[in-house]
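No hydrogens, no waters, no symmetry mates; every other heavy atom, side chains included, goes into these values.
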Amino acid sequence: MNDSFVSRKDRIIASAIEIISDSGLSALTTRNLALKENMSEALLYKYFGGINEVLVEVVDYYSKFDKGIRQTVKAKDGTNMQKLVDYFEAYATYYDNYYAISTLMLQYEELLHNIDTRDKISWCIAERMNFIEDLFRKAIESKEIIDKFTPEELALNVTGAVMSHILSRRITYHKKTFKQELMGNLQKWFDLIKI
């Protein structure tokens, strides 16, 4: 495989993410993607067998990014709560720098209904939740935070906060960066559960 083939595929994936971000998952068609890439639909089929194959690659791209952040945070020294802060800061930084990718979190339901992406997005969500729950569990066990909530409840609450911030940014203008707003909110929330 030559470099231009790989780079063109990557550009197509990036364009697919932008289409989803700008117009929603239903707007991701071979026609719209070919128009955005300034190519014929026939040429698009040189790279992908159809729109579902593109969508699978989009989810793969997203899950690789997700996995990379988890591996980086696992390798760090520090408390479990500091690892949680580092984890969400990495997400927020990525979302600030690649706004369009954040929309995939808001498309989970649709992606779960697509037979080609269901397993991949389910795995991605489960791995993320397991990682966050594990850090909260360890934080409770090491007496970093109170044990009033289960690790699952804590993970659901913090993930809900992230999704709410993403949705809010899509419907209204914000002066602060995503990272500033999200981490300001999460830090207050984390302070409430610290011992």
Side-chain angles (χ1 to χ4, degrees), residues 1-72 87-129 131 159-182:
M1 202 177 327
N2 65 33
D3 289 340
S4 64
F5 184 77
V6 172
S7 65
R8 188 66 186 252
K9 275 188 89 165
D10 290 343
R11 284 195 315 263
I12 293 169
I13 296 302
S15 290
I17 292 168
E18 288 175 21
I19 289 170
I20 294 167
S21 177
D22 293 343
S23 305
L25 201 54
S26 62
L28 183 62
T29 63
T30 53
R31 182 178 187 275
N32 289 343
L33 191 52
L35 284 171
K36 185 153 184 77
E37 278 297 301
N38 198 24
M39 64 173 24
S40 69
E41 283 184 77
L43 183 56
L44 182 62
Y45 283 103
K46 173 183 174 190
Y47 299 97
F48 295 99
I51 207 64
N52 278 352
E53 196 173 305
V54 172
L55 200 50
V56 166
E57 289 290 326
V58 166
V59 172
D60 278 345
Y61 175 85
Y62 184 70
S63 64
K64 286 176 191 171
F65 139 77
D66 212 43
K67 185 178 178 182
I69 289 178
R70 287 194 307 272
Q71 289 174 335
T72 300
Y87 180 72
F88 288 108
E89 279 184 346
Y91 265 102
T93 299
Y94 190 67
Y95 287 169
D96 274 334
N97 292 312
Y98 191 13
Y99 173 75
I101 196 77
S102 68
T103 194
L104 290 180
M105 280 187 83
L106 302 176
Q107 303 294 327
Y108 282 167
E109 185 66 26
E110 285 291 321
L111 293 168
L112 286 169
H113 288 291
N114 181 310
I115 196 164
D116 295 313
T117 57
R118 179 181 304 136
D119 291 340
K120 288 179 182 285
I121 203 66
S122 294
W123 176 86
C124 187
I125 295 167
E127 287 295 306
R128 177 183 295 156
M129 293 302 288
F131 181 75
T159 302
V162 172
M163 292 183 83
S164 293
H165 276 277
I166 290 170
L167 184 58
S168 174
R169 294 188 79 77
R170 294 193 65 78
I171 57 177
T172 60
Y173 172 76
H174 294 253
K175 290 182 180 180
K176 292 182 178 180
T177 66
F178 180 70
K179 182 177 178 179
Q180 289 170 327
E181 287 186 356
L182 176 67

Any heavy-atom pair between the side chains of [Y] and [X] that's under 4.5 Å?
X	Y	value
I17	Y61	yes
Y45	T30	yes
F48	V56	no
I13	D60	no
E181	R169	yes
Y47	R11	no

d(S63 OG, I125 CD1) to nearest 0.5 Å is 11.0 Å
Please report the interatomic distance CD1(I19) to OG(S26), rounded to the nearest 0.5 Å.
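One finds 11.0 Å between CD1 of I19 and OG of S26.
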(message) Just to verify, which of L106, I101, L111, T103 counts as forming a side chain to side chain contact (heavy atoms under 4.5 Å, CB included) with I20?
(response)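 With I20 as partner, side chain to side chain contact (heavy atoms under 4.5 Å, CB included) holds for just one option, T103.
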When the ring planes of F178 and Y95 are compared, do they come out parallel, tilted or perpendicular, using 30° and 60° as the limits?
tilted
* Parallel under 30°, tilted from 30 to 60°, perpendicular over 60°: which one fits the rings of F65 and Y62? -> tilted
So, the side chain of H174 versus the backbone of S168: is there a donor-acceptor pair under 3.5 Å, distance only?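 Yes: the side chain of H174 pairs with the backbone of S168.
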Looking at R170 and S21, would you say the former's side chain and the latter's main chain have a donor-acceptor pair under 3.5 Å?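 Yes, R170 side chain to S21 backbone: donor-acceptor pair under 3.5 Å.
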Shortest non-hydrogen contact from [X] to [Y]?
X	Y	result
A90	I69	CB-CG2, 3.9 Å
V54	A16	CG1-CB, 3.6 Å
R118	S122	O-OG, 2.8 Å
S102	I166	O-CG2, 3.8 Å
N32	A27	ND2-O, 2.7 Å
S15	L33	CB-CD1, 3.8 Å

query: Can you check side chain to side chain contact (heavy atoms under 4.5 Å, CB included) on E127 and K67, steps first, answer last?
result: CA-CA 8 Å; E127 287 295 306; K67 185 178 178 182; over 6 Å; no
For this session: Could you give me the CA-CA distance, side-chain angles and deciding distance for M39 and K46, then say whether side chain to side chain contact (heavy atoms under 4.5 Å, CB included) is met?
Result: CA-CA 11 Å; M39 64 173 24; K46 173 183 174 190; over 6 Å; no
Sorted by chain and residue number, the side-chain contact (heavy atoms from CB on, under 4.5 Å) partners of Q180 (sequence neighbours excluded) come out as K176, T177
- Sequence-distant partners of N52, side-chain hydrogen bond (donor to acceptor under 3.5 Å, both in side chains), two or more places apart: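 Counting only residues at least two positions away or on another chain, N52 forms a side-chain hydrogen bond (donor to acceptor under 3.5 Å, both in side chains) with N114, D116.
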Does the pair I121 and L104 meet the rule for a side chain to side chain contact (heavy atoms under 4.5 Å, CB included), with working shown?
CA-CA 10 Å; I121 203 66; L104 290 180; over 6 Å; no
NZ/K36: more than 12 non-hydrogen atoms of other groups inside 6.0 Å:
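Yes, NZ of K36 has more than 12 neighbouring heavy atoms, counting only those of other groups under 6.0 Å.
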